[in-house]
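Side chains included, hydrogens not; waters and symmetry mates left out as well; all remaining heavy atoms used. In each ligand, atom 1 is the first atom listed, and ligand 1 is the first ligand listed.
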Amino acid sequence: MHFTLRQFRVFEAVASRLSFTQAAKALHLSQPAVSMQVKLMEEQVGLPLFEQIGKQIYLTEAGQEIYHYSRAIGQLLSEAEEVINELKGAHRGRLTISVASTANYFVPTLLGIFHERFPDVTVSLDVTNRETLLKQLEENEVDLVVMGQPPKEMNLEAGAFMDNPLVVIAPPDHPLAQEKNIPMSRMEDEVFLTRERGSGTRSAVERFFNQHGVQLNTGMEIASNEAIKQSVQAGLGLGLLSRDTLEMELALNKLVILDVEDFPILRHWYVMHRKGKRLSTVAQAFKQFLLEEANTLLHDKPVQQP
Ligand code: PGA
């Protein structure tokens, strides 16, 4: 099989958008030019890469395989670019990071400070849940990932840089709001609004309730920290969220943290990448920045290693 890099780029543009028209627009090419490149690739492969059902196009099995490799090639090319930048001794280039939805509450502040120091770095930031982050690590799609507890089954290099306590939240007029040292078993009488499956917060909470032999009654499953906070304020149930998501609501007294025995659930934020990954100078600098400075910048105290 002989493909040109140009063909890979065109194919990737179509495969990621599942649209010839949008790919052509993004690449500033005509649609026939895009179709022609894909056709040439299909001739090389000897199998169709896309199929059309109605108005929608889909990747065929062969298309999915080629897509997998074309993304890996794209990542290697940008790594090559970073290495060359490194040889030139520059802190410039692209930093591709993915962070857990909950880390979105503090990562932008840190990126702001990092950007002041290294204005020539272009940052590409994706915010998603734990399950997707693990996939991105596995596919080597990102330089660094920020999330809670690293999974044991993956070969990762992970460093803790900040505490991530999970707390029980309620509206200020909740009957338990004034109580002290509420027994954990009392939580069985409450309804909780929990994050979606795949969320790190959700799995930590489930594990914690299990360990304490306390049943977790889920009233509603909500795939957003913001929507959980709004729903708790509206009196739909209690919430279990990272303390990092609550700064504004606590300051404005829209929500309170309940004083429940054995809480908070003690977790940490980690910066991680696959073991053996060749980090660019920029990625290396950002990793070091998180490990050495994030906690002091955000909470004014050094990190306690777990
Ligand atoms: P989230 O949090 O997936 O619940 O946003 C990430 C984590 O704690 O790992």
Open item on the list: Please determine whether salt bridge (charged side-chain N to carboxylate O under 4.0 Å, His left out) holds for the pair Arg71 and Glu141, giving the CA-CA distance in whole Å, both sets of side-chain angles, and the decisive distance to 0.1 Å.
Closed with: CA-CA 8 Å; Arg71 278 191 302 178; Glu141 284 176 6; 2.8 Å; yes

TODO: Look at the rings of Phe208 and His212 and say which category their plane angle falls in: under 30° parallel, 30 to 60° tilted, over 60° perpendicular.
DONE: tilted

Task: Sidechain-backbone polar pair: Thr218 side chain, Met220 backbone, donor-acceptor under 3.5 Å - done: no

Open item on the list: Looking at every non-hydrogen atom in both residues, tell me the closest pair between Met272 and Gly148 and how far apart they are.
Closed with: CE-O, 3.6 Å

Task: Closest protein heavy atom (residue, atom, distance) for atom 6 (C) of ligand 1 - done: Ala100 CB, 3.2 Å

Open item on the list: Can you confirm whether or not the ring centre of Phe286 sits under 6.0 Å from the ring centre of Phe114?
Closed with: yes

Open item on the list: Would the distance check show the side chain of Gln44 and the main-chain N or O of His2 forming a donor-acceptor pair, the cut-off being under 3.5 Å?
Closed with: yes

Task: Distance-only N or O hit between ligand 1 and Arg202, under 3.5 Å - done: no

TODO: Mark up the atoms of ligand 1 that fall under 4.0 Å of a heavy atom belonging to Ser101, in ascending order.
DONE: 5 (O)

Open item on the list: Return the closest protein heavy atom for atom 9 (O) of ligand 1 as residue, atom name and distance.
Closed with: Gly148 N, 2.9 Å

Under 3.5 Å donor-acceptor pairs involving side-chain atoms of residues 12-20, not counting sequence neighbours:
residue : atom : partner : partner atom : Å
Ser16   : OG   : Glu12   : O            : 2.9
Ser16   : OG   : Ala13   : O            : 3.3
Arg17   : NH1  : Ala13   : O            : 3.1
Ser19   : OG   : Thr21   : N            : 3.4
Ser19   : OG   : Gln22   : N            : 2.9

- [ ] Run the numbers for me: atoms of ligand 1, each under 4.0 Å from some heavy atom of Arg130, listed by number.
- [x] 3 (O), 9 (O)

Open item on the list: For ligand 1, which is the ligand I care about here, please tell me if Asn129 has any N or O atom under 3.5 Å from one of the ligand's N or O atoms.
Closed with: no

- [ ] Give the residue and atom name of whichever protein heavy atom lies nearest to atom 5 (O) of ligand 1, and the separation in Å to one decimal.
- [x] Thr102 OG1, 2.7 Å

Open item on the list: Could you tell me, atom by atom, which parts of ligand 1 come under 4.0 Å of a heavy atom of Arg267?
Closed with: 7 (C), 8 (O), 9 (O)

Task: Short N or O distance, Arg195 and ligand 1, threshold 3.5 Å exclusive - done: yes

Task: Shortest protein heavy-atom distance from atom 3 (O) of ligand 1, along with the residue and atom involved - done: Gly200 N, 2.9 Å

